[in-house]
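All of these numbers come straight from a predicted model, not from anything done at the bench.
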Amino acid sequence: MNILFIEDDPMNRRVVKDMLDVAGATMAEASWAEEGLERIDAESFDVVLVDLRMPGTDGFETIRRIRARDDEKGELPIIVVTADTAVDLRERCMGLGADDVLFKPVAMDALFDSIGRVLASRDGGILA
C-alpha cells in the first residue's frame, strides 16, 4: 500500500508515517499542495491523505484538482485529515469528492478504519 500525505506540518506527517509503518504501508510526503499534485502526476498511490489548511493552494482546491483529472488518478481515494472543526466541513469535503474526513489528532485505529472503509467501498481492497 502506497499512501501520499499532503500536509505542511512535519510533525503531523511524522505521526501518521509512524502509524502507517506499523501496518506495513509506505507513505510518501508532500509539504504543500503543488508538490503533492506533482507527485500524483509522477507516481502511483493507493490513497491520498490531505490536510485542508496549507499555505498557498489549500486542501479544498487540491481535492478539486485531483477530481478534475480525466485519467484514473482522478478517482484516487482521498481522505481529509484536518484540525478544522467547522460544522459543515464533512459535507463540504464530501461534496468536493473526498471519500472520508478525519479530525486531528488522528488515532491509529481511526486512520486504519478509514483507509479500510474507503478502499472496501471502492473495490473491495483492504489495508495489507
Side-chain angles (χ1 to χ4, degrees):
M1 167 113 1
N2 194 18
I3 297 170
L4 173 63
F5 191 16
I6 306 171
E7 160 71 65
D8 61 316
D9 186 296
M11 181 58 73
N12 289 336
R13 290 193 314 267
R14 175 60 189 244
V15 168
V16 170
K17 182 177 184 339
D18 288 348
M19 289 181 202
L20 293 171
D21 283 348
V22 169
T26 302
M27 189 186 95
E29 301 178 28
S31 302
W32 62 91
E34 294 302 326
E35 178 186 14
L37 294 166
E38 288 172 10
R39 292 199 77 163
I40 290 169
D41 283 341
E43 301 172 51
S44 178
F45 297 102
D46 300 300
V47 175
V48 175
L49 305 175
V50 63
D51 183 29
L52 292 179
R53 305 288 179 214
M54 296 180 283
T57 304
D58 66 17
F60 297 109
E61 180 62 21
T62 303
I63 295 166
R64 278 189 208 95
R65 289 177 58 187
I66 293 169
R67 290 296 179 244
R69 295 178 67 111
D70 60 2
D71 60 9
E72 71 279 353
K73 292 181 179 186
E75 296 299 319
L76 275 167
I78 300 172
I79 299 171
V80 170
V81 179
T82 185
D84 192 333
T85 58
V87 174
D88 65 342
L89 182 76
R90 174 175 284 283
E91 292 77 21
R92 184 172 174 202
C93 291
M94 302 299 265
L96 290 172
D99 294 281
D100 200 4
V101 178
L102 296 174
F103 297 95
K104 296 175 185 173
V106 176
M108 188 179 327
D109 60 341
L111 177 63
F112 292 172
D113 287 349
S114 178
I115 293 170
R117 263 193 329 273
V118 165
L119 292 177
S121 72
R122 286 182 164 253
D123 63 6
I126 58 169
L127 182 60

- Query: Out of Ile6, Leu4, Val81, which one pairs with Val50 under the side-chain contact (heavy atoms from CB on, under 4.5 Å) rule?
  - Reply: Ile6
- With sequence neighbours left out, what residues match Lys17 under salt bridge (Lys or Arg N to Asp or Glu O under 4.0 Å)? Asp21
- Task: Would you give the length of the straight line joining atom CD1 of Ile63 to atom CG of Leu52, rounded to the nearest 0.5 angstrom?
- Result: 6.0 Å
- Partner set under salt bridge (Lys or Arg N to Asp or Glu O under 4.0 Å) for Asp99, not counting sequence neighbours: Arg67, Arg122
- Message: Nearest 0.5 Å, please: how far is CG in Leu20 from CZ in Phe5?
- Response: 9.0 Å
- Enumerate the residue pairs fulfilling salt bridge (charged side-chain N to carboxylate O under 4.0 Å, His left out) with a member in residues 72-88, sequence neighbours excluded, ordered by first and then second residue. Arg53-Asp84
- Query: For the atom pair CG (Leu102) and CG (Leu49), what is the distance rounded to the nearest 0.5 Å?
  - Reply: 8.0 Å
- Query: Any Lys/Arg nitrogen of Asp41 or Arg69 sitting under 4.0 Å from an Asp/Glu carboxylate oxygen of the other?
  - Reply: yes
- Message: My understanding is that only residues two or more places apart in sequence, or in another chain, count here; which of them pass side chain to side chain contact (heavy atoms under 4.5 Å, CB included) with Glu34?
- Response: Trp32, Leu37, Thr57, Arg65
- Can you name the residues that form a side-chain hydrogen bond (donor to acceptor under 3.5 Å, both in side chains) with Thr82, not counting sequence neighbours? none
- Do Val106 and Val22 sit in the same hydrophobic cluster, where Ile, Leu, Val, Met, Phe, Trp and Tyr count as joined when their side-chain heavy atoms come under 4.5 Å apart? yes
- Message: Can you give me the closest heavy-atom contact between Lys104 and Ala83, atom names plus distance?
- Response: CD-N, 3.8 Å
- Message: Once side chain to side chain contact (heavy atoms under 4.5 Å, CB included) is applied, do any residues pair with Ser31, and if so which ones, sequence neighbours excluded?
- Response: Arg13, Glu35
- Task: Only counting residues at least two apart or in another chain, list the ones meeting side-chain hydrogen bond (donor to acceptor under 3.5 Å, both in side chains) with Asp46.
- Result: none
- Asn2 side chain near Ser44 side chain, heavy-atom distance below 4.5 Å: no
- Task: Can you sort out the partners of Arg14 under salt bridge (Lys or Arg N to Asp or Glu O under 4.0 Å), two or more places apart, ordered by chain and number?
- Result: Asp18
- Message: Please determine whether side-chain contact (heavy atoms from CB on, under 4.5 Å) holds for the pair Ile40 and Leu76, giving the CA-CA distance in whole Å, both sets of side-chain angles, and the decisive distance to 0.1 Å.
- Response: CA-CA 9 Å; Ile40 290 169; Leu76 275 167; 3.9 Å; yes
- Item | Euclidean distance, Met94 CE relative to Glu91 CD, rounded to 0.5 Å | 9.0 Å
- Task: Please name the pair of heavy atoms, one in Phe103 and one in Leu89, separated by the smallest distance, quoted to 0.1 Å.
- Result: CE2-CD2, 3.7 Å
Could you list the donor-acceptor pairs under 3.5 angstrom formed by side chains in residues 110-119, with sequence neighbours left out?
{"unit_1": "Ser114", "atom_1": "OG", "unit_2": "Asp100", "atom_2": "OD2", "d": "2.6"}
{"unit_1": "Arg117", "atom_1": "NH2", "unit_2": "Asp100", "atom_2": "OD2", "d": "2.7"}

- Please round to the nearest 0.5 Å and tell me the distance separating atom CE of Met1 and atom CZ of Phe45. 13.0 Å
- Note on the structure: Across all chains, not counting sequence neighbours, the side-chain hydrogen bond (donor to acceptor under 3.5 Å, both in side chains) partners of Arg92 are none
- With Asp70 via side-chain hydrogen bond (donor to acceptor under 3.5 Å, both in side chains) - residues at least two apart: none
- Flag side-chain contact, heavy atom, 4.5 Å: Ile3 against Val48: no
- Item | salt bridge (Lys or Arg N to Asp or Glu O under 4.0 Å) involving Asp109 - partner list, sequence neighbours excluded | none
